[in-house]
K.L.:
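My questions all concern the structure below.
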Amino acid sequence: MKYKNIQLKDVADIVMGQSPKSVFYNTDGKGIPFLQGVRTFGENYPQIDTWTTSYNRKAKSGEILFSVRAPVGRVNWANQDLAVGRGLATLKIKSGYSKEYLYYLFKKIGSHLNSLATGTVFTSINKKELEALELKIPVNSRNVNLN
């Protein structure tokens with residue numbers, strides 16, 4: 001199979017999370033489900049234990065949740081609309097690309113991304129670094145854009 005290298009910004013719209021003030025958090029189910037980071041990530045889907053009545057950034061159901069703070073590179077699917085805090089980014093895969101391929105690619109390379117992250121106390125990756133990530137995408141495959 002042939003592959004081509006492409007930057008993440010060319011295949012996904014990236015939205016960095018932003019945390020609301022903690023006074024808006026609750027465990028009573030009021031508002032929208034909220035994830036700050038990977039604490040409640042499961043194998044493929046997060047478990048929700050926190051909600052917020054105010055939020056700044058939202059992931060839509062079906063988007064990829066990508067951890068941008070320690071540990072960098074872990075992924076889960078957003079299985080419902082939810083608010084995302086500063087430990088996460090959402091990846092909305094552009095039309096013509098396989099979100100499943102990219103999800104499982106990140107599952108495979110996530111620990112490598114964590115080793116590339118910068119920071120002394122908390123490793124992290126910023127939007128510019130995330131956008132510039134080089135990915136190998138199969139060429140001439142179904143659901144893959146050949147730009």
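The basis for the numbers below is simple: all heavy atoms, side chains too, and nothing from hydrogens, waters or symmetry mates.
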K.L.:
When rounded to the nearest 0.5 angstrom, what distance separates NZ in Lys107 from CD1 in Ile64?
P.N.:
11.0 Å
K.L.:
Should Tyr97 and Leu105 be counted in the same cluster of Ile, Leu, Val, Met, Phe, Trp and Tyr side chains packed under 4.5 Å apart?
P.N.:
yes
K.L.:
Return the minimal non-hydrogen interatomic distance between Ser19 and Asn56, and the atom names on each side.
P.N.:
O-ND2, 3.6 Å
K.L.:
What is the distance from atom CZ of Phe106 to atom OH of Tyr101, rounded to the nearest 0.5 Å?
P.N.:
10.5 Å
K.L.:
Under 4.5 Å between any side-chain heavy atoms of Asp81 and Lys58, yes or no?
P.N.:
yes
K.L.:
Counting heavy atoms not belonging to Gln47, are there more than 12 under 6.0 Å from its CD?
P.N.:
no
K.L.:
For a quick test of reading the model, state the closest non-hydrogen atom pair linking Pro33 to Ile48 and the distance between them.
P.N.:
CB-CG2, 3.6 Å
K.L.:
Please say which of Arg57, Met16, Arg69 ends up in a side chain to side chain contact (heavy atoms under 4.5 Å, CB included) with Arg86.
P.N.:
Arg69
K.L.:
How far apart are the closest heavy atoms of Ala78 and Lys60, and which atoms are they?
P.N.:
CB-O, 3.5 Å
K.L.:
Do Leu65 and Leu135 sit in one hydrophobic cluster, given that two such residues count as connected whenever their side-chain heavy atoms are within less than 4.5 Å of each other, even indirectly?
P.N.:
no
K.L.:
For Leu35, which of Asn76, Leu88, Thr50 qualifies under side chain to side chain contact (heavy atoms under 4.5 Å, CB included)?
P.N.:
Leu88
K.L.:
Any side-chain heavy atom of Thr52 within less than 4.5 Å of one from Ile32?
P.N.:
yes
K.L.:
Under 4.5 Å between any side-chain heavy atoms of Asn79 and Pro46, yes or no?
P.N.:
yes
K.L.:
Can you hop from Val68 to Val11 via hydrophobic side chains spaced under 4.5 Å?
P.N.:
yes
K.L.:
Inspect the surroundings of NZ in Lys94 and state if more than 12 heavy atoms from other residues, nucleotides or ligands are less than 6.0 Å away.
P.N.:
yes
K.L.:
Say you draw a straight line from CG of Leu113 to CZ of Arg74; how long is it, rounded to the nearest 0.5 Å?
P.N.:
13.0 Å
K.L.:
Rounded to the nearest 0.5 Å, how far apart are NZ of Lys2 and NZ of Lys136?
P.N.:
13.5 Å
K.L.:
Nearest 0.5 Å, what's the CZ-OG1 distance between Phe34 and Thr40?
P.N.:
10.0 Å
K.L.:
Can you tell me how far apart CG (Asp13) and CG (Leu8) are? Round to the nearest 0.5 Å.
P.N.:
9.5 Å
K.L.:
For Ile93 and Ser98, work out which heavy atoms get closest and say how close.
P.N.:
CG2-C, 4.4 Å
K.L.:
Could you tell me whether a side-chain N or O of Lys127 sits under 3.5 Å from a main-chain N or O of Ile14, the two making a donor and an acceptor?
P.N.:
yes
K.L.:
Among side-chain atoms of Tyr103 and Asn44, is any donor-acceptor pair under 3.5 angstrom?
P.N.:
yes
K.L.:
Following the transitive rule for hydrophobic clusters with a side-chain heavy-atom cut-off under 4.5 Å over Ile, Leu, Val, Met, Phe, Trp and Tyr, establish whether Phe41 and Val72 coincide in one cluster.
P.N.:
no
K.L.:
Locate the shortest heavy-atom distance separating Gln36 from Tyr25; write the atom from each residue and the value.
P.N.:
NE2-OH, 3.2 Å
K.L.:
May I ask whether Val75 and Leu91 are part of the same hydrophobic cluster, defined by side-chain heavy atoms of I, L, V, M, F, W, Y residues being less than 4.5 angstrom apart, directly or through others?
P.N.:
yes
K.L.:
May I ask you to decide if Lys30's main-chain N or O and Asp28's side chain share a donor-acceptor pair within less than 3.5 Å?
P.N.:
no
